[in-house]
Amino acid sequence: MACSHIPTCPLFKHFQSNATLRSWKLMYCDSDKRSRNCERYKRSDAGELVPPNMLPNGKSIML
Amino acid sequence: MASLMTGYWPWWLGAIALAVVAVGYFYSLGIPCGVSGVFGRVANWREEVQARDTEMAMARNAGQVQAQMMAEAMAALEALPEEERKQVEAELRAAHDEEAAVAPSAATAVRPHPAAQLAFLASIAIGGLLAALSSGHWALMTDMGATYTAFFGNGPSAWLILFVGGLCVGVGTQMAGGCTLGHGITGNSSLQIGSFAATAAFFATAVIASFIFQALL
């Protein structure tokens, strides 16, 4: 089963835009087990605000 | 038309109205509709504004964002244990043939300003007031009705119980990730399994509590 946060995850659409970015989806979104390693998932699950520029591995996109 | 303003709406008309609000909210603002979620975003005003500014910066620099995400994706893939990395690469090759790419421009949504969320909350109260005024049923009340008064009286204890009940609702919706609107309408209509469980739990609790209170009356 895929990650339950997909409908509300603002980054998920990015993960479908090309083959390289799709690897995020495979590494973190496509299974319930893998999604538990996602830092965005962990923060959201703990009721914390998730920075929009935080990647699933916890690193931030520099703007 | 006059009957719509003086009594309860037919159930099906109310259902259509709620569906229009839930679907319209999602497609106009890009986030699921839920009162507790909206209230939370208003309460976190400063953080919401910061997050919105970040999203706007991401939208303005979509190319740069995508390049960083691609570089990080490759680094994250390289960092995986070899067996897991090979599995992901194999899935990636298979997915490459099956899935159609989505244009990057579709991926830069920006959340609404919390002022818009506040307007939504205010409109709920204003809508309720207008409905009560137009039906001729509006009256300033300081009690919660006969049943509530029979159980809890009408003095400070009744207010205290309301306060404690309100706290429980706030904590409960935070723990459950949503309220009756968020889970019951938005979550269920988008087939969220967690929303099915949450809705079943709070409706079952309400039915049981209702039977208990009726028995005690």
Side-chain angles (χ1 to χ4, degrees), chain A, chain B residues 26 30-32 37 40-41 44 47-48 50-58 60-62 64-66 68-77 79-80 84-85 87-89 91-93 95-96 99-111 174-175 177 186-187 190-194:
Chain A
M1 191 191 299
C3 175
S4 59
H5 292 196
I6 284 175
T8 54
C9 180
L11 289 190
F12 186 73
K13 284 180 186 170
H14 286 278
F15 300 162
Q16 298 177 96
S17 63
N18 70 42
T20 307
L21 292 180
R22 208 170 293 140
S23 60
W24 285 117
K25 179 171 170 270
L26 292 169
M27 285 187 283
Y28 290 97
C29 315
D30 276 358
S31 83
D32 198 33
K33 186 182 165 193
R34 286 177 183 172
S35 68
R36 293 183 195 284
N37 296 324
C38 173
E39 290 300 321
R40 298 183 63 88
Y41 181 98
K42 288 180 196 169
R43 283 213 191 185
S44 178
D45 217 33
E48 297 172 21
L49 289 172
V50 184
N53 58 334
M54 191 172 87
L55 291 165
N57 62 357
K59 292 189 177 178
S60 294
I61 299 166
M62 303 307 288
L63 296 164
Chain B
F26 182 78
I31 47 178
R41 285 188 278 274
N44 288 308
E47 291 82 359
E48 280 292 314
Q50 283 175 350
R52 178 181 151 84
D53 290 345
T54 304
E55 285 174 353
M56 288 172 76
M58 288 172 73
R60 278 196 305 272
N61 304 297
Q64 182 193 337
V65 167
Q66 193 172 47
Q68 280 191 57
M69 288 176 77
M70 287 169 69
E72 285 293 341
M74 287 188 279
L77 196 56
L80 286 178
E84 199 176 339
R85 179 168 54 82
Q87 190 184 344
V88 170
E89 284 173 345
E91 289 174 18
L92 199 56
R93 279 192 293 275
H96 184 65
E99 295 177 17
V102 174
S105 59
T108 50
V110 175
R111 73 185 63 199
Q174 182 67 21
M175 286 173 68
T186 306
S190 54
L191 305 178
Q192 299 293 309
I193 292 171

Chemist: List in chain and number order the residues that pass side-chain contact (heavy atoms from CB on, under 4.5 Å) with A:Arg43, two or more places apart in sequence or in another chain; answer none if no residue qualifies.
Modeler: A:Glu48, A:Val50, A:Pro51, A:Met54
Chemist: What do the steps show when you test A:Asn18 against B:Met69 for side-chain contact (heavy atoms from CB on, under 4.5 Å), and what is the final call?
Modeler: CA-CA 11 Å; A:Asn18 70 42; B:Met69 288 176 77; over 6 Å; no
Chemist: Considering residues at least two apart in sequence or located in another chain, which fulfil the side-chain contact (heavy atoms from CB on, under 4.5 Å) criterion with A:Lys59?
Modeler: A:Asn57, B:Glu72
Chemist: Identify which part of A:Phe12 has an atom lying under 4.5 Å from any heavy atom of chain B, answering side chain, backbone, both or neither.
Modeler: neither
Chemist: Rounded to the nearest 0.5 Å, how far does CG of A:Leu26 lie from CG of B:Leu77?
Modeler: 9.0 Å
Chemist: Please name the residue in the list A:Lys25, A:Arg22, A:Met27 that meets the side-chain contact (heavy atoms from CB on, under 4.5 Å) test with B:Val88.
Modeler: A:Met27
Chemist: Search all heavy atoms of A:Pro52 against all heavy atoms of B:Glu55 and return the closest pair with its distance.
Modeler: CB-CG, 3.5 Å
Chemist: If you count the non-hydrogen atoms of other residues, nucleotides and ligands that lie under 6.0 Å from CD1 in A:Ile6, is the total more than 12?
Modeler: yes
Chemist: Heavy-atom pairs under 4.5 Å with chain A - which of B:Met70, B:Gln174, B:Met175, B:Gln50 has more of them than the others?
Modeler: B:Met70
Chemist: With side chains defined as the heavy atoms from C-beta onward, is the minimum distance between A:Leu63 and B:Val65 less than 4.5 Å?
Modeler: yes
Chemist: So which part of A:Leu49 gets closer than 4.5 Å to some heavy atom of chain B, the side chain, the backbone, both or neither?
Modeler: side chain
Chemist: By a 4.5 Å heavy-atom criterion (distance strictly below it), what part of B:Ser190 contacts chain A: side chain, backbone, both, or neither?
Modeler: neither
Chemist: One thing to verify: whether A:Lys33 and B:Glu84 come together as a salt bridge, which I'm taking to mean a side-chain N less than 4.0 angstrom from a carboxylate O.
Modeler: no
Chemist: To check you understand the geometry: which heavy-atom pair defines the closest contact between A:Ser23 and B:Ala73, and what is its length?
Modeler: OG-CB, 3.6 Å
Chemist: Could you go through B:Gln66 and A:His14, starting from their C-alpha distance and side-chain angles, then the distance that decides it, and tell me whether this counts as side-chain contact (heavy atoms from CB on, under 4.5 Å)?
Modeler: CA-CA 8 Å; B:Gln66 193 172 47; A:His14 286 278; 5.8 Å; no
Chemist: Please flag which part of B:Glu89 lies under 4.5 Å from any non-hydrogen atom of chain A: side chain, backbone, both or neither.
Modeler: neither
Chemist: Between A:Leu11, A:Leu21, A:Asp45, who has the most heavy-atom pairs with chain B when the cutoff is under 4.5 Å?
Modeler: A:Leu21
Chemist: Give, as side chain, backbone, both or neither, the part of B:Arg60 having an atom under 4.5 angstrom from any heavy atom of chain A.
Modeler: neither
